[in-house]
Colleague: 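Just passing along the structure, written as structure tokens.
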Amino acid sequence: MKAILNAQCGDHGLPPNRASFPVHCSVMNHYFEGGYYPMGGGGGIVKAMTTKIKSYGGVVRTKQKVSKILLSDKKAIGVQMLDGKQLFAKNIISNADPSTTFLKLIGGENCSKKLLKRLDKTRYSVTSLILFLTVDLDVTQFGIDSGNIWKFKDDNIDGHFDELTKGNITEGKEFPALFMSCTTLKDPVSFNGRYHNFEIVTYVDFDSFKQFNQEKYHTPEYELFKNKIIDKFLNTVEKLIPTVREHIVQAELGTPKTNQFYINSTRGNVYGTEKTLRQIGPFAYKNQTEFENLYLCGASTLSHGVTGASYSGLEVRQNIKFQINRFFDRR
């Protein structure tokens, strides 16, 4: 019973013996009446948001990187891109985690001692491996449906976390725990009548990839390392879909380096700050920062996941409106 109640701990990234009880209860409650999945997958959310931003005259820039946040007397006034171009705005909102925002984009030399002390104590969530798998197979014949699958070797969930985050990930033939979801069964609109897509996730320590810390890590050694991990994933998936290897159309692996590259997260973390009791709720990072006109949103503030990160953006909006109203009240 304890294992069943703890099975969804992967949704906050902490083993049961370190989990925050309020966060775990919140995650479980979120699924009591079934979870929601967006039509069009995660890309559907992005499309809806960018369409709305553009309808207000906003501009969405892709394939660009911010190198620093521009300051003037402790006030954020804009950002500088990697190519040197500068963009100025009344308010700057950072969706990057606190360490990336303050230590890399602001610069530690511009931060107060109090903030630097807090950043030094901040711990980040686990990072992940995610296998994107496409198969030419009717997977429903094996009992696969739209539900989430949490597969554990046995009921020792704390032990599985230790094995995944402290051991050598290429050792052993199978992962002791993983999450599997068939996105084409969750979202029938995305199913073409033939190919089924899966997202298969497990956790890992960022240092498992420390030999690829160089800037250009896409080497033959990196691909060989990934192929070993993919093979290990498939050994576990075969327990659920016995003939899966015979029907693979595509198998692509996302690693902690992928997280680091695409979302600029500290040590490739997937849930922002570690969701221990000392880093959630009133102890989480606030939207408003010590720098005027600079705001934080995302998984390290209000909460993690799609819901938490989305609502954190709405909270920033309300915060900015409140500050504007205060300004006019003073006038």
Side-chain angles (χ1 to χ4, degrees), residues 2-31 94-104 108 111 113-130 150 152 155-167 169 176-179 201-208 256 259-260 263-290 296-313 315-316:
K2 286 170 65 176
I4 291 170
L5 292 173
N6 285 326
Q8 295 184 67
C9 62
D11 279 330
H12 52 69
L14 281 173
N17 63 9
R18 296 190 60 232
S20 162
F21 185 69
V23 171
H24 190 77
C25 288
S26 177
V27 166
M28 290 192 69
N29 181 67
H30 183 74
Y31 287 102
S94 175
N95 188 47
D97 62 49
S99 293
T100 298
T101 300
F102 296 118
L103 298 180
K104 293 182 180 180
C111 299
K113 290 183 179 179
K114 182 179 178 181
L115 177 57
L116 290 174
K117 186 177 180 180
R118 183 177 185 185
L119 290 167
D120 186 57
K121 292 182 178 180
T122 297
R123 297 294 174 263
Y124 288 95
S125 78
V126 291
T127 184
S128 67
L129 297 167
I130 177 167
W150 292 94
F152 297 94
D155 62 1
N156 183 16
I157 299 178
D158 290 310
H160 300 332
F161 259 88
D162 282 345
E163 185 177 338
L164 289 167
T165 59
K166 295 178 182 178
I169 58 170
L178 58 75
F179 166 89
V201 188
T202 196
Y203 294 116
V204 66
D205 183 68
F206 186 75
D207 286 337
S208 296
N259 298 338
Q260 192 179 41
I263 60 176
N264 202 15
S265 61
T266 301
R267 292 176 62 81
N269 75 77
V270 292
Y271 291 140
T273 51
E274 191 176 68
K275 296 303 178 268
T276 49
L277 197 58
R278 293 180 181 274
Q279 296 192 148
I280 62 169
F283 310 112
Y285 279 89
K286 302 296 185 288
N287 295 123
Q288 197 165 1
T289 71
E290 67 180 33
L296 285 182
C297 68
S300 298
T301 57
L302 182 64
S303 185
H304 64 294
V306 174
T307 305
S310 299
Y311 272 99
S312 75
E315 196 172 79
V316 168

Colleague: Does CZ belonging to Phe152 count more than 12 external heavy atoms closer than 6.0 Å?
Modeller: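 Count over threshold, so yes.
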
Colleague: Take atom CZ in Arg118; do more than 12 heavy atoms of anything else shown fall under 6.0 Å from it?
Modeller: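 More than 12 heavy atoms, drawn from other residues, nucleotides or ligands, come within 6.0 Å of this atom.
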
Colleague: Just how far is it from atom CG of Leu277 to atom CD of Gln279, taken to the nearest 0.5 Å?
Modeller: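 Reported value, rounded in 0.5 Å steps: 10.5 Å.
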
Colleague: Is the closest side-chain donor-acceptor distance between Thr100 and Asp97 under 3.5 Å?
Modeller: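 Side chains of Thr100 and Asp97: pair found under 3.5 Å.
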
Colleague: What are the two closest heavy atoms between Val204 and Ser128, and how far apart are they?
Modeller: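 So the minimum-distance heavy-atom pair works out to CG1-C, 3.9 Å.
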
Colleague: Of all heavy-atom pairs between Thr202 and Ala177, which one has the smallest distance, and what is that distance?
Modeller: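 Closest approach of Thr202 to Ala177: OG1-O, 2.7 Å.
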
Colleague: I need the Cys9 SG to Arg18 CZ distance, nearest 0.5 Å.
Modeller: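 Going from SG on Cys9 over to CZ on Arg18, the span is 12.0 Å.
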
Colleague: What's the shortest heavy-atom distance between Ser20 and Ile280, and which atoms?
Modeller: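 That closest heavy-atom pairing would be OG-CD1, 3.1 Å.
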
Colleague: Quick test of your reading of the model: are Lys114 and Glu290 salt-bridged, counting only N-O distances below 4.0 Å?
Modeller: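 Result for this pair is no, no salt bridge flagged.
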
Colleague: Ignoring hydrogens, what is the shortest heavy-atom contact between Ala3 and Asp155? Give both atom names and the distance.
Modeller: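 Minimum heavy-atom contact is CB-CB, 3.6 Å.
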
Colleague: More than 12 foreign heavy atoms under 6.0 Å from NZ of Lys286: is that the case here?
Modeller: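 Check passes, neighbour count above 12.
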
Colleague: On a heavy-atom basis, which atom in Pro176 and which in Leu164 lie closest, and how many Å separate them?
Modeller: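 Heavy atoms only, the tightest pair is CD-CD2, 3.8 Å.
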
Colleague: Can you check side chain to side chain contact (heavy atoms under 4.5 Å, CB included) on Leu103 and Leu116, steps first, answer last?
Modeller: CA-CA 8 Å; Leu103 298 180; Leu116 290 174; 3.8 Å; yes

Colleague: To the nearest 0.5 angstrom, please state how far the CD atom of Glu315 sits from the SG atom of Cys297.
Modeller: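 Separation between the atoms: 10.5 Å.
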
Colleague: After noting the C-alpha distance and the side-chain angles of Leu119 and Leu115, does the key distance pass the side chain to side chain contact (heavy atoms under 4.5 Å, CB included) rule?
Modeller: CA-CA 6 Å; Leu119 290 167; Leu115 177 57; 4.0 Å; yes

Colleague: Test side chain to side chain contact (heavy atoms under 4.5 Å, CB included) on Asn6 and Trp150 and set out the steps.
Modeller: CA-CA 11 Å; Asn6 285 326; Trp150 292 94; over 6 Å; no

Colleague: From Phe206 CZ over to Thr127 OG1, what is the distance, rounded to the nearest 0.5 angstrom?
Modeller: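 The OG1 atom of Thr127 is 7.0 Å from CZ of Phe206, to the nearest 0.5 Å.
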
Colleague: Can you check whether Asn269 reaches Pro256 side chain to side chain, under 4.5 Å on heavy atoms?
Modeller: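 With C-beta onward as the side chain, the pair stays apart.
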
Colleague: Using distance alone, with no hydrogens and no angle criterion, decide if Ser265 and Tyr124 have a side-chain donor and acceptor under 3.5 Å apart.
Modeller: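 Side-chain D/A pair, Ser265 to Tyr124: absent.
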
Colleague: Are Asp207 and Arg267 ion-paired here, with the side-chain N under 4.0 Å from a carboxylate O?
Modeller: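 Arg267 and Asp207: salt-bridged.
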
Colleague: About how many Å separate CG of Leu14 and NE2 of His24, when rounded to the nearest 0.5 Å?
Modeller: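 Result: 11.0 Å between the selected atoms.
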
Colleague: Val270 versus Tyr203: any side-chain heavy-atom pair under 4.5 Å?
Modeller: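 They are in contact (side-chain heavy atoms under 4.5 Å apart), so the answer is yes.
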
Colleague: Search all heavy atoms of Lys275 against all heavy atoms of Ser300 and return the closest pair with its distance.
Modeller: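 Smallest heavy-atom distance, with atoms named: NZ-CA, 4.5 Å.
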
Colleague: Apply the side chain to side chain donor-acceptor pair (under 3.5 Å) test between Tyr285 and each candidate in Thr122, Thr301, Thr101; give the one that qualifies.
Modeller: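 Only match with Tyr285 under side chain to side chain donor-acceptor pair (under 3.5 Å): Thr122.
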
Colleague: Rounded to the nearest 0.5 Å, what separates atom CG in Leu296 from atom CG in Asn95?
Modeller: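 Spacing of CG (Leu296) from CG (Asn95) equals 9.5 Å.
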
Colleague: Within the 3.5 Å criterion, strictly below it, is a donor on His304 or His12 matched to an acceptor on the partner's side chain?
Modeller: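 No.
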
